[in-house]
Every structure is written in structure tokens, then in C-alpha cells.
Amino acid sequence: MEYPGARSLLQSHRSIRRFKDTAVPQNIIDDLVESARWAPTSHNVQAYSIIGIRSQEMKEKLQTLCGDQSYIGQCPIFFVFVMDFYRHALISERQDAPFEVDEIENLLVGAVDTALASENFLLAARSYGLGGVMIGGIRNEAEQVSSLLNLPKWTVPLMGMCIGYPDQWPKQKPRMVKQAVYHEEFYQTDGVESLLLEYEQITSTYYAERTNGKNSRGWGSRMVDYFGEKRRAELTDFIKKQGFSLK
């Protein structure tokens, strides 16, 4: 059975950063959470929690901690998706059992679980005519965010999400050409450089149009800058403080 509506939602994604001054009803929020709850999860671990924030004061504090992204303060409701092993720690402690969660494998499980839940959440929101943008900046000052949200040990805020009724519909940002992403039978490196040059031209044209010619740097040059410096170096120390030794 085909579900063309679902396919349309998946393939028409764009980040929404301007919202109408319209509240999102609680029954819709409840349904978005329910949709997130049914995301795939490794071994049924369900290593995530979601915090919804309507308070203007709290949104503005988080806006500052996330790099002063104004749409956090302007959206009707902001969500924080938290990698969460706190519940698992309680169960193990209650049964006086070992709790060997502080290793890279479980960190990856928690990150993937949280990401899958957040994507379900966003897609469900879009099915209601809502729009949103994910905020990686929630990790800029992870320790301060954790304190503000009263996060316990064994938790890490992974991403934020602005949600509301769109007041814009921007042009889609071009994605990597399919031939560079999809491989059959084995990873194929032949021709990747020419595909990257093709994508560089596509994205250069996109950014030139988006900025009225002020900036035409393509994806490749932007990625060189992105990976040319260390990012959120203090995040590692915070994750260790939360109980994960990263062994």
C-alpha cells in the first residue's frame, strides 16, 4: 500500500524559522509526543525524553544559550530532546544490578533513539500544517541548559526544536546528489570527486540566489570551514560529568 501523503512530507522538508503568533493546541502536542513514542528504538531501550517549553522567559534564556537564535524566543513552543538513561539507572539501582551504560555503544544508542523520536515528532507536526527547525545549538552550553532544565545524571540535551504555524515557505536547500549518497552492493568511491564538484555548483547557485549574490560559497567550502576547527570542546567534559566515561 502506498502513502503518497507521507512521501510528500518527507521530500518537502525545509527549516521554518518564522512563525505566526498562533498557539499550538495541547491536543496536537499530545499527538506529536505520541508519534515520537512510536519511533524505532534499539532493543526497546527508549533512551530519550522530551521537554516542552511555552514560558517566554524560559524560551529567551534558551535562546541566549543556543547562540542567540531569535526564532527560539519567537516560536509558540520550543522542545528539547534529551538523551536519557536516568530511568534505566533507577531500575538497575533498585535491583542492585550493574549499570554498564557509560560506553560509546550505549551513547550511540541513546543518540540514535533520540534522533529517531525527534524526526517522528517533526513529521507529525508537519502533518498538522505546522513547521519547525531543529536546533543543534542546544549543545552550545549543555551544562547551563542542563541546569536550567533540571536534568538529572545520565542525561544529555541533544537537540532543540522550534514548532509553530509557518509564516514563511523558503526554497528547499539542495541535498547531495543521489549518486554520491546511494550505493549498491558496496561503497563506490569512483566518481565521487566529480559528483562533489557538481554539488558544489548546485549549492553555489542556491546560496547566490538566497543572498542576492552576496555569498555564493558552495557546500564544499562551507564544510571545509565547519570541520576546520574544533566545536563544542567543553561538551565532552559535560558528558563525562553526566556519568558517561566514553570508554
Side-chain angles (χ1 to χ4, degrees), residues 13 15 29-55 58-59 61-67 69 72 75 77-95 97-125 132-163 226 230-247:
H13 168 77
S15 294
I29 300 301
D30 292 342
D31 197 44
L32 304 189
V33 173
E34 191 67 9
S35 296
R37 288 179 60 243
W38 287 101
T41 169
S42 177
H43 207 69
N44 204 30
V45 169
Q46 304 175 76
Y48 64 87
S49 286
I50 306 166
I51 302 174
I53 300 161
R54 296 184 188 270
S55 161
M58 285 285 284
K59 286 189 295 180
K61 287 180 179 179
L62 288 166
Q63 173 181 317
T64 300
L65 293 173
C66 291
Q69 299 183 63
I72 296 174
C75 69
I77 184 166
F78 184 68
F79 296 92
V80 180
F81 290 81
V82 179
M83 183 181 71
D84 186 355
F85 287 98
Y86 175 68
R87 296 182 294 264
H88 310 78
L90 287 180
I91 293 169
S92 295
E93 181 180 359
R94 188 171 298 172
Q95 298 187 21
F99 187 57
E100 298 293 340
V101 74
D102 60 333
E103 57 183 4
I104 294 296
E105 167 61 14
N106 286 320
L107 202 65
L108 290 173
V109 165
V112 171
D113 269 15
T114 307
L116 291 171
S118 67
E119 180 67 2
N120 262 29
F121 191 98
L122 180 59
L123 288 171
V133 58
M134 293 187 178
I135 307 293
I138 202 73
R139 301 187 300 278
N140 285 359
E141 304 289 349
E143 189 162 3
Q144 293 185 58
V145 169
S146 177
S147 178
L148 182 65
L149 299 180
N150 196 33
L151 298 185
K153 189 178 179 181
W154 303 114
T155 65
V156 178
L158 287 192
M159 67 196 76
M161 187 186 298
C162 300
I163 287 291
Y226 184 87
K230 292 184 178 180
R231 309 176 67 84
R232 301 182 180 123
E234 68 285 352
L235 184 60
T236 300
D237 290 337
F238 168 71
I239 290 174
K240 289 180 178 179
K241 286 181 181 178
Q242 292 298 92
F244 301 91
S245 65
L246 306 182
K247 62 186 178 183

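The residues of the chain are indexed from 1 along the displayed sequence.
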Minimum-distance pair of heavy atoms, taken over all atoms of [X] and [Y]:
X: R232; Y: G136; answer: NH2-O, 3.1 Å
X: I50; Y: A36; answer: CD1-CB, 3.8 Å
X: I138; Y: G160; answer: CG2-N, 3.7 Å
X: S118; Y: M161; answer: O-CE, 3.4 Å

According to side chain to side chain donor-acceptor pair (under 3.5 Å), who are the partners of S35, at least two apart in sequence or on a separate chain? none

Under the side chain to side chain donor-acceptor pair (under 3.5 Å) test, which residues partner R87, sequence neighbours left out? S49, D84

Check ring-ring contact (aromatic ring centres under 6.0 Å, His included) between F78 and all other residues, then give those that pass, not counting sequence neighbours. none

For [Y], does its backbone N or O pair with a side-chain atom of [X] as donor and acceptor, under 3.5 Å?
X: Q242; Y: P152; value: yes
X: N120; Y: R37; value: no
X: D113; Y: S42; value: yes
X: Q144; Y: E141; value: no

Answer yes or no: is there a side-chain heavy-atom contact under 4.5 Å between [X] and [Y]?
X: V156; Y: R139; value: no
X: W154; Y: D102; value: yes
X: V101; Y: H88; value: no
X: S92; Y: F85; value: no
X: F99; Y: I91; value: no
X: I29; Y: R54; value: yes
X: C162; Y: I72; value: yes
X: L62; Y: I135; value: no

Within a radius of less than 6.0 Å around OH of Y86, do more than 12 heavy atoms belonging to other residues, nucleotides or ligands occur?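 No, the 6.0 Å shell around OH holds no more than 12 heavy atoms from other groups.
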
Look up atom [atom1] in [X] and atom [atom2] in [Y], then write down how far apart they are to the nearest 0.5 Å.
X: L65; Y: S146; atom1: CG; atom2: OG; value: 11.5 Å
X: L122; Y: I163; atom1: CG; atom2: CD1; value: 5.5 Å
X: I239; Y: E143; atom1: CD1; atom2: CD; value: 11.5 Å
X: I53; Y: L148; atom1: CD1; atom2: CG; value: 7.0 Å
X: M134; Y: F81; atom1: CE; atom2: CZ; value: 7.0 Å
X: L158; Y: Y48; atom1: CG; atom2: OH; value: 13.0 Å

Run the side chain to side chain contact (heavy atoms under 4.5 Å, CB included) check on E119 and L116 step by step: do they pass? CA-CA 5 Å; E119 180 67 2; L116 291 171; 5.9 Å; no

